[in-house]
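The structure appears below as structure tokens.
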Amino acid sequence: MRRSASSLILFLFLLLAACLPLAAQDFAAERRRMVETQIEARGIGDERVLDAMRRVERHLFVPADMRGRAYTDSPLPIGEGQTISQPYIVALMTETLRLSGSEKVLEVGTGSGYQAAVLSLLAKEVCTVEIRPGLQKRGAELLASLGLRNVAARQADGYDGWAEKAPFDCIMITAAVNHVPPPLLRQLKDGGRMVLPLGNPFAYQDLVLVTRTGGTYTVDHVLGVLFVPMTGKALGAQPSKE
Amino acid sequence: MTLAAVLALSLSTLGYELLLTRYFSLAHGNHLSFLVIGIAMLGFAAGGTFASLAGDRWVSAARRKRELFPGLCLLCSLTTAGSFLLLKCIPLDYLRFPVDGLQPLYLLASCILLSLPFFAAGLALCTAYAMDPARSAAISCAGMLGSGAGALVPLIALPVLGEGGSIAAAAMAPLLVVLFWPGVGVRSRLAGAALAAGLAALMLVKAGAALAVEPSPYKSLPQIVAAPGTRLTSRSTGLLGRVEVVEGPSLRFAPGLSLGFAGSLPPQRAVVVDGDEQTIVYDLEGTPDGAGFARSSHLFAPYVLAGEVASCLVVERGGGLGLACAAASGARLTTVLVENPEVARILRESYRVPGLSVEATGPRSFLARGGARWDVIAVESWGPSVPGMASLSVDATLTVDALRAYWRRLGDSGVLSISRRLVLPPSDSVRIFATALEALRSEGIGDRQNHLAVIRNWDTCTILVSRLPVAGPGLARLEAFAARLGFDLDYFPGITPDKIDRFNRYGRPFFADAYRDLVGDPSFIRRYPLDVAPQGDDRPFPSRFLRWSRIGDFYRVTGERVYLLFLSGELIAAAALAEGAAVCLLLLLLPLAAGARRSRPRSLGAGRPLAVFAAIGLGFMFCEMCLIDSLALLFPGASVTLAVVLFGLLASSAAGGLLSARLSGRGLRGVLAVAALLLAALALSLPLIVHALLPLGLALRVAGALVVTGIPGVLLGIPFPAAMRGLGGTGPRRAYAWAVNGSASVLASTGSALVAMSAGWMTLGLLAAASYAAAAILLPSARAWNTEAGEL
């Protein structure tokens, strides 16, 4: 009796061990499908961005009970009323910055850390700021555990940017704001680019690219989007409605 | 007893109705507040349906039992307070309709809840008519008098008790009858006392926290106060809205400010009306540069174009930057117009700028008085914070008539500027541009396209209308200003493609293309997917743009986002009309079906008398809505207009009700015919009357409006009680006639929004006249009326 029980446990263990690589392989396949059907098909053509999207394991950045949906074509909740953006939007915002690999990038709104992980493969240095301590801790630990050494993370109100690390070649805001935070404009290098969802945080926004040329800024409208509101000085700690 | 109950119930329900419009304005948006009149009428109609279903037993029981009316008073009080408290618990969220399948159920539950007090009052009124038709005149008089007085409840109660407390006070009115009228039983008195004590406790415990009304989370105020260090420093409530002042280090309001502005903004306070419309008070002594920051906003463009500016008129409809621009311009004389007296007081006390005066008045009334001409007239009007949420709002600040009034008060080289949010697809700014062209055409300006320019940043724009052609040094200054601060000029005379979309770029130059086409292509407005045609004072809905024939195009060009359709007033109004029609059909068919089951299919009467009641219901409500929409130009805020119009119309109808007692059966047709003629004449002459009243002071405008509403009111108060008295027959039949009248009022109140938006309020007046004419035609002869009225 005892022997057969031991055999059963051993069998189950072996079965589990056999399945693990299979599961990992499934995620990799899902990631490839995600890039092909959700990102490339919508016109993202930057090979470096596509490669980064193929490499970063999105399922690691979503709550455990959401992993089965990690590669679906939608944003997902990550707790504290926040979301991990739809894969296409991550790719689009990244492509919009036209990164060459030599840039120092500021990300406002670490959230799950997924966007920072993608940026880390495309830029020289990534500084990411998150206002919610719980999210910041989880995101920073995950990024560190993945060995992404060019990512610096801290907990702060992203409205003020990261003055000690400024100036930045590029800035990305991953939450909705109704105006461009002036401290971030000041921390943008001449020739620098900032991508952000700009508009009413409780309605819909325009994803825009702000480019600095000396003291002049140009604003290019990219796409209509729906982001969760930026909290802190930009808006206040308002619970998300979407 | 019956008359006292009718008076108290009418007072309570009309007060509640008006207070609910305030509640919805604050807690939701105007899309839902417009439903309130329809919900009230639906409750009244349901009372008639119930009484006619209950049949003779109900009426005879009402005659026998003295406690019926006190009981209905108790029910009305209880449901008024209860429906309000429960309404606050329902997670109704209008903007979640497209994504939350439960929201239609929440809306339905809210409508049913809110209709309950009106049901109780409607049941009492129709029972009174059914019991004793000979007293129809007195019942009508009491009902209308109570309703007229109810229109004044918000005026008196809101400043003292706030929104929730005022509703509790309205709920208490019927209890006065229960507690103090002779002959009421002990049990009813005890129940009334307990209810009154409960309501008083609600008002007193924690300063009425249970009754507090909070603004929608989508509005500006909840977002502002959530910012770190922000605090609410004062709050006042009145008929003109709730005014709250917020202070905090994170306040940063400067629409139209250049991204290149490197200075710091002055400390700010926000004065927020109804949780959304915010007027910012800048502490101009808080920074070394004072109002200098305003020179980096495109709202400063009219001063740049005009050059030397000695005097300016600033029309503030939410904002505050317009005032800062005036201060930065160095103008010797600045007059600021703000409709809300409380906001005006705060501005007056906050700014110590030489030559600056703040007047608490609307721009149309101020300009109609004549007087000085101005070098710059700056209209700052950003609209609601969520686009589309004001699509049912009436506002005559930006109509063709308004722009003509501004134009006439500009100096020889003066400039009018209108600052607005940019909306995609281009609509609002395109309509204002078209309105300016139309206003200049009406003023006889041949080369009108040479007098316009448009400047914008990424989300706001300023449309400039210049007395002198936009050319020469003025245009050079404007171009240099735009280039220096990173603004785009979308239009000026002779603009070339290389000067378009330089700093704030969309995929295509949508705005510039639209302005160019408006100037050069006469068919543009007809071809455009949205309704951007200029609006006159008879159709002042600045935020509605939908074209029924192009809904599919609109859906496609806005990215197939269903929720954008929900932001359109027309669709909401159409949905409300369809739902109202379905419910009314049910209310009217139920008693017929019940009669058929009892093999008494015609016991509720023949069609013609009922059609007369329907026509009277339609006519009265069309008239009411026409007066509300047309007289809105005279008053600051929709609530004031509602209170004045309803008081004037209903109180005078009480007199009509009394007069109806003297009317013979033959006279009714004459009254209906005269009413039809009078309403037609009124509809056609209202524009003249309104413009004649416009320059007068507020007290005289109120008096004038009371006369305008009172004259038809007396006449319109006669037909219903006269018809009810002449109807004879059984009690259930009279109750059914009440239900028919109420159902017609539901259709007219919800349909009026659609008619007013598409054809203007004059059409509403003409529809009212047509309804009374139809009633005159349909009215059977006195003998036939009695025959048809009798038990068949």
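The chains referred to below are lettered A, B, ... by the order of the sequence lines, with proteins before strands, and numbering in each begins at 1.
- Taking every heavy atom of both residues into account, R502(B) and T218(A) meet most closely at O-CG2, 3.8 Å.
- In this structure, the separation between OG1 on T216(A) and CZ on R484(B) is 10.5 Å, given to the nearest 0.5 Å.
- From R505(B), atom CZ reaches atom OG1 of T211(A) across 7.0 Å, with rounding to the nearest 0.5 Å.
- The shortest distance between side-chain heavy atoms of H221(A) and F510(B) does not fall below 4.5 Å.
- Nearest heavy atom pair, residue L259(B) against residue V219(A), reads CD1-CG2, 3.6 Å.
- If you tally non-hydrogen atom pairs under 4.5 Å between each of V208(A), L198(A), D206(A) and chain B, the highest count goes to L198(A).
- For CZ of R42(A), the number of neighbouring non-hydrogen atoms (other residues, nucleotides, ligands) closer than 6.0 Å is greater than 12.
- Considering every non-hydrogen atom in both H179(A) and W458(B), the closest pair reads CA-CZ2, 4.2 Å.
- Heavy atoms closer than 4.5 Å to chain B are found nowhere in V222(A), neither backbone nor side chain.
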